[in-house]
Protein chains: 2
Amino acid sequence: MQLPAAVEALSALAHASRLAVFRLLVRAGPDGMAAGEIAREIGALPNTLSTHLTILGNAGLVRSRRDGRSVIYSADYDGMRDLLGFLVADCCAGRPEICGTLGELTASPDCCT
Amino acid sequence: MQLPAAVEALSALAHASRLAVFRLLVRAGPDGMAAGEIAREIGALPNTLSTHLTILGNAGLVRSRRDGRSVIYSADYDGMRDLLGFLVADCCAGRPEICGTLGELTASPDCCT
DNA sequence: TCGATATTTCTGGAATAATCGAAATATCGA
DNA sequence: TCGATATTTCGATTATTCCAGAAATATCGA
């Protein structure tokens, strides 16, 4: 991931509604949720939410697929990994000992091991 | 970390110059760099950069200390860990098996282990 | 104290982003 | 095909962010 792409992804997440949507989709898992369902859950108008979802999609953080009349959105775990990897790799580059505490981030025994 | 604080941190990083500054400081390590040195490295005017540094500081991503005429800025590793932790914890909540690939993020043998 | 260096604060205008109503598109079931 | 449901696109207004010049503040050395 390059800096401009990282800025785009961070910009996409730097908004209360969009971050809430992203977290919701991350929790929803690969099955995802319909756009309307997300709108209801978040409390946003469908057209506004559609804009947000497009932004998240362009940033590579969510994917979409059509299912009948609905469009199902789901978190893009690869995109998320790229973004976090960019930040963490940056952190540890050259001197792993500096960011020791960051190691505990995902090294917790019940998550991502 | 709560959602508003996460949005503030993500907003702070969602800017090409600020993200570049943050990466620079992360690489610089705990010793940090003087504001003027950062400005030169990034290619920004001192006053503009000062604004950026204030934004990063308010977001909890950098710290500052005065050293004579200079102000030394350094990355706030705790703040960074909080932000990444918020995102990763969110990712893995409840179903660790979903984000398996994210585990490789910081589990690489030469970093943060 | 005075001048030089380093950084910050203040200000205003320009660029960008957010939001909503209305209209358009896509799909389904009858 | 037609009406209903689901979502997106368009257009315009409002709000926010970005940036640089000018001035203010802080520190040091002479």
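Since the model is a prediction, treat every value here as computed from it, not as a measurement. Residue numbers begin at 1 in each chain, while the letters A, B, ... track the order of the sequences.
Along DNA chain C, the nucleotide closest to B:Val71 and the one closest to A:Arg66 are compared, and the more 5′ of them pairs with B:Val71. Both A:Ala14 and A:Asp67 lie near DNA chain C, and the one whose nearest nucleotide falls closer to the 5' end is A:Ala14.
Among all heavy-atom pairs drawn from B:Arg18 and B:Leu56, the shortest one is O-CD1, 3.9 Å. Nearest approach of B:Ala34 to B:Ser70, heavy atoms of both residues: CB-CB, 4.1 Å. Residue B:Leu10 comes nearest to A:Leu13 through the heavy atom pair CD1-O, 3.6 Å, listed as atom of the first residue, atom of the second, then distance.
D:dT8 atom C1' lies 16 Å from atom CZ of A:Arg69, rounded to whole Å. Residue A:Asn58 contributes atom CG, which lies 10 Å from atom P of D:dT9 at whole-angstrom precision.
Each end of the helix from C:dT1-D:dA30 to C:dA30-D:dT1 gets its own axis, taken as the rotation carrying the C1' atoms of four end pairs onto the next four within a five-pair window, and the two axes meet at 30° to the nearest 10 degrees.
Running 5' to 3' along DNA chain C, contacts with non-hydrogen atoms of chain A at under 4.0 Å begin and end at C:dA18 to C:dC28.
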Review point. Would A:Gln2 and A:Phe86 count as a side-chain contact (heavy atoms from CB on, under 4.5 Å) if you check the C-alpha gap in whole Å, the side-chain angles of each, and the deciding distance to 0.1 Å?
Key: CA-CA 8 Å; A:Gln2 309 275 323; A:Phe86 177 81; over 6 Å; no
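Taken together through direct or relayed side-chain contacts under 4.5 Å among Ile, Leu, Val, Met, Phe, Trp and Tyr, A:Met80 and B:Leu84 form part of one hydrophobic cluster. Follow the hydrophobic side-chain contacts under 4.5 Å out from B:Leu45 and you never reach B:Tyr73; the two are in separate clusters. At a threshold of 4.5 Å between side-chain heavy atoms, the hydrophobic network of Ile, Leu, Val, Met, Phe, Trp and Tyr places A:Leu87 and A:Val7 in one connected group.
When atom types are taken as modelled, the side chain of A:Arg23 and the backbone of A:Leu25 share no donor-acceptor pair closer than 3.5 angstrom. Judged by distance alone, the side chain of A:Thr48 and the main-chain N or O of A:Ala44 form no donor-acceptor pair under 3.5 Å.
A heavy atom lying under 4.0 Å from DNA chain C marks the following residues of residues 35-57 of chain A, by number: A:Leu45, A:Asn47, A:Thr48, A:His52.
Residues A:Glu8 and A:Ile55 fail the side-chain proximity criterion, which asks for heavy atoms closer than 4.5 Å.
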